[in-house]
S.K.: 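The structure follows.
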Number of protein chains: 2
Amino acid sequence: MKGKATSFDIAYQAGVSQSTVSRALRDSPAVNQETKDRIFAIAKQLNYKVDKNASNLRKQRSGTLALLLFEDPTVDESQINPFFLAMLGSITRACTKRGHDLLISFQQLSNDWHADYEDSKKADGIILLGYGDYVDYEEKLNQLLAQETHFVCWGARVEGHPEFTIRSNNQQGGRLAGEHLLSLGRSRFAFIGNASEHSPEFFERYQGFVQALSTQGIKPAQVPQLEAISTEQAGFDATLQLLASGYKPDAIFAASDLIAIGVMRALQQQGFHVPSDVAVVGFDDIPVASFSSPALTTIQQNTTLAGEMLVVNLLRLIHREGIAQTEIEPKIIVRRSCGAVLPTASF
Amino acid sequence: MKGKATSFDIAYQAGVSQSTVSRALRDSPAVNQETKDRIFAIAKQLNYKVDKNASNLRKQRSGTLALLLFEDPTVDESQINPFFLAMLGSITRACTKRGHDLLISFQQLSNDWHADYEDSKKADGIILLGYGDYVDYEEKLNQLLAQETHFVCWGARVEGHPEFTIRSNNQQGGRLAGEHLLSLGRSRFAFIGNASEHSPEFFERYQGFVQALSTQGIKPAQVPQLEAISTEQAGFDATLQLLASGYKPDAIFAASDLIAIGVMRALQQQGFHVPSDVAVVGFDDIPVASFSSPALTTIQQNTTLAGEMLVVNLLRLIHREGIAQTEIEPKIIVRRSCGAVLPTASF
DNA sequence: CTGAAAGCGCTTACAG
DNA sequence: CTGAAAGCGCTTACAG
């Protein structure tokens, strides 16, 4: 009997047909309760587990979702964006909760996608996270669309198909940052982070930010914007460049927390005090944000909710049900770096 | 032809048998090159992908590994230990590199394990990460052993089966911390972190630490040890307790970086300066370590190497090959919190 | 080098 | 409520 029991082994021991075993194991109402009990007992004793390959093959679906993580190739490969890591955690949890398995894999945008996860029946659908340059990415999305792959993605809007994207209201997030800094009496602003169609999420944060400022008569042209991908180093470099230009900001909004931390390092290295000389606000609320010095004020994206929504919506897509909510409202988390909290407050 | 092409569709179009298609697709040398070329062309055109469920069922293996992450149930569920997150990244990469898929799932130690990943043929083997209380965990490991499941785990030694565990040389790590602090002239030490058979890794770090101190005549009894699980809060609480006892340490070795960060917060809140009053050394070198204030001196565990070794050794186990190296040498990363670096040094 | 055939372990109409 | 049978899409001896 070694070498994995099958449903035939159980059938033999229970004195019923294999069909009945199969039904009982899936708790079909069409099976006598006593028969079921007997079958379950034997299954347990034999340490029987349904062979997923066989049952998937027969059922033509896998009960598995695939998560493809795209990394910015410009970033050191050992460094995964902490925001995506948090998402990964919540996605995994959301899958487990719904009885699905999660297959995960890192991808380079440049490579041929292993989007054959669905074609090869390994997964019923795909979740995409991260995308590097959005212009290149969009093309790939259209391929998936053409192949009728079931997928959802984070952040990047799919033209004409809003249902495929779960995203933060980034504009609103940018607005919150702008309004908060204005309320603290700041007046010389800067934005650090890429802001073009290549990075739509950052771009929207930028737009919300300058929009908030414009309500106080501050024109976008008066707000320097420096390019930076989402790394500490990029934030650091961009800030040095900003300071070298001679502009003296008293408030910097960074497109991500990683950038913000680099911004603070650069400011401090150049002798500026955060927040008394320059207030800094980030975006994401990654774990590091609360441990930086000073602790970072930031726009939080609720990753637990985001992970849930990605999984739920993908499952609805697979089952051809209508899509639920797809946008998440950001929230400002006030800590020390913006100057709103008294220096004497604990931590 | 919609609804996924099969090898029969290709066979029909190529004018050969389905067997030949199957062979050609796996690049069997027993197939004429011209035939192969023809078959590949048709496969590509039909966007054909081998059905993994069918091929796995037939081959009786899955090309997939499962990663089970055990979380400490005492910790807030949204907070995953950053060290494990880093491991997760490197394990994923190591799998991808070897053409394997990775299934991931969170587990509670208390639950019935879904260790049926292998039994249900979803995975060829299992990687275990994290374990909460080791005494409870060990029992589960023995179950896996009894079921002849292919598995490897991180950190926890499996009695009589060293080949199943990949681990840091924790004693050596503790020794490095002790020696370094001694070399800086510190003399009143403390250790924060659980140190019993329930947390074998922390315990070994503790042992290495006191062993190093003993070379200078400092007895273990002179080194207070306070219990703390691996969270910032636990480190904070334990430190307050230590200080309340009246002991005035000038050097604290924390069993993990998360603990160390809590230790520093408590010290600073109580008016102690780090490192001039108290030097602090952590363990892990998680990303946060370099962003804390002051930046944390710590014992680094090479997660890239660790992930590689877990995957490689599991694969060897599956293929019944001998096991390779299973221990990783830790390395001290000197930053500001220990006082070895001049305050004027950048970041 | 190629084909006919068996079979991996299930699920699910179909029939009773 | 139960059973006999077909079939999901492959891989791999076996035979030629």
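The model shown is predicted, which means the values in this text are computed figures rather than measured ones. Order of the sequence lines fixes the chain letters, A, B, ..., with proteins taken first and strands second; residue numbering starts at 1 for each chain.
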S.K.: Represent DNA chain D in dot-bracket notation, 5' to 3'. Only Watson-Crick or G-U wobble pairs with both distances under 3.5 Å count; pseudoknot-style crossings use [ ] and interstrand partners use |.
M.R.: |||.||||||||.|||
S.K.: Taking side chain as C-beta onward, heavy atoms only, is A/Lys121 less than 4.5 Å from A/Ser62?
M.R.: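 Not touching, per the 4.5 Å side-chain cut-off.
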S.K.: Roughly how many Å apart are C/dT12 and C/dG16, using the C1' atom of each and rounding to a whole number?
M.R.: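 Those two atoms are separated by 16 Å.
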S.K.: Nearest heavy-atom pair of B/Ser55 and B/Val50: which atoms, and what distance?
M.R.: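 Smallest heavy-atom distance, with atoms named: CB-CG1, 3.9 Å.
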S.K.: Looking for any heavy atom pair under 4.0 Å, which part of the strands does A/Ser19 touch: base, sugar-phosphate only, or nothing?
M.R.: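 Answer is base: heavy atoms of A/Ser19 come under 4.0 Å of a base.
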S.K.: Roughly, in whole Å, what's the span from CG in A/Leu57 to C1' in C/dT12?
M.R.: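 One finds 13 Å between C1' of C/dT12 and CG of A/Leu57, rounded.
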S.K.: In whole angstrom, give the distance that lies between atom CD of A/Gln60 and atom C1' of C/dT11.
M.R.: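 For the pair A/Gln60 CD and C/dT11 C1', the rounded distance is 11 Å.
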S.K.: By nearest nucleotide on DNA chain C, pick out whichever of A/Thr20 and B/Val16 is the more 5' one.
M.R.: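 The 5'-side residue here is B/Val16.
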S.K.: Is it true that B/Asp124 and B/Arg61 have a side-chain N and a carboxylate O under 4.0 angstrom from each other?
M.R.: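 Between B/Arg61 and B/Asp124 there is no salt bridge, as every charged N stays at least 4.0 Å from the carboxylate O atoms.
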S.K.: Would you mind classifying the nucleic acid contact of B/Ser22 as base, sugar-phosphate or nothing, using non-hydrogen atoms under 4.0 angstrom?
M.R.: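 Base: the residue B/Ser22, judged by heavy atoms under 4.0 Å, touches a nucleobase.
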S.K.: Give a yes/no answer on whether the side chain of A/Arg58 brings an N or O atom under 4.0 Å of OP1 or OP2 in D/dG7.
M.R.: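 For D/dG7, OP1/OP2 do not have a side-chain N/O of A/Arg58 under 4.0 Å.
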S.K.: To the nearest Å, how far apart are B/Asn56 CG and D/dT12 C1'?
M.R.: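 Nearest whole value for this atom pair: 16 Å.
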S.K.: Closest heavy-atom contact between A/Gln18 and A/Ser7?
M.R.: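 Distance-wise, the nearest heavy atoms are NE2-OG, 3.1 Å.
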S.K.: So which nucleotide from D/dT12, C/dC10, D/dT2 ends up closest to the side chain of B/Arg23?
M.R.: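 Output: D/dT12.
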S.K.: It should be established whether A/Ser55 places a side-chain nitrogen or oxygen under 4.0 Å from OP1 or OP2 of nucleotide C/dC10.
M.R.: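 It does not, given that no N or O in the side chain of A/Ser55 lies less than 4.0 Å from OP1 or OP2 of C/dC10.
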S.K.: Pick the nucleotide of DNA chain C nearest each of B/Ala30 and A/Lys59; which residue has the one closer to the 5' end?
M.R.: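 By nearest-heavy-atom nucleotide position, the 5'-most residue is B/Ala30.
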S.K.: I need the NZ-C1' distance between A/Lys49 and C/dC10, as an integer number of Å.
M.R.: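 So the two atoms are 16 Å apart, to the nearest Å.
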S.K.: Taking side chain as C-beta onward, heavy atoms only, is A/Arg167 less than 4.5 Å from A/Ile328?
M.R.: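 Not in contact.
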S.K.: Please walk me through it: do A/Lys140 and A/Asn142 pass side chain to side chain donor-acceptor pair (under 3.5 Å)?
M.R.: CA-CA 5 Å; A/Lys140 303 278 192 169; A/Asn142 286 325; over 6 Å; no
S.K.: For A/Asn32 and B/Phe8, take the nucleotide of DNA chain D holding the closest heavy atom to each; which residue's nucleotide lies nearer the 5' end?
M.R.: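 The residue whose closest nucleotide sits nearer the 5' end is A/Asn32.
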S.K.: Rounded to the nearest angstrom, tell me the gap between atom CG in B/Asp37 and atom P in C/dC1.
M.R.: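 In whole Å, C/dC1 P and B/Asp37 CG are 13 Å from each other.
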S.K.: Just the rounded figure in Å: distance from C1' of D/dG3 to OH of A/Tyr12.
M.R.: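 The distance from OH of A/Tyr12 to C1' of D/dG3 comes to 18 Å, rounded to the nearest Å.
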S.K.: Any idea which heavy atoms bring B/Lys97 and B/Glu308 closest together, and the distance?
M.R.: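 Closest approach of B/Lys97 to B/Glu308: NZ-OE2, 2.8 Å.
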S.K.: Measure across B/Trp154 and B/Gln301 and return the closest heavy-atom pair with its distance rounded to 0.1 Å.
M.R.: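 Between these two residues, the closest heavy atoms are CZ2-OE1, 3.3 Å.
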S.K.: Roughly, in whole Å, what's the span from NZ in A/Lys121 to P in D/dG9?
M.R.: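 Atom-to-atom, A/Lys121 to D/dG9, this comes out as 6 Å.
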S.K.: Contact class for B/Ser7 vs. all strands (heavy atom < 4.0 Å): base, sugar-phosphate, or nothing?
M.R.: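 Sugar-phosphate, backbone atoms only, no base.
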S.K.: Using whole Å, what does the distance between atom C1' of nucleotide D/dG9 and atom CG of B/Leu25 come to?
M.R.: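 The distance from CG of B/Leu25 to C1' of D/dG9 comes to 12 Å, rounded to the nearest Å.
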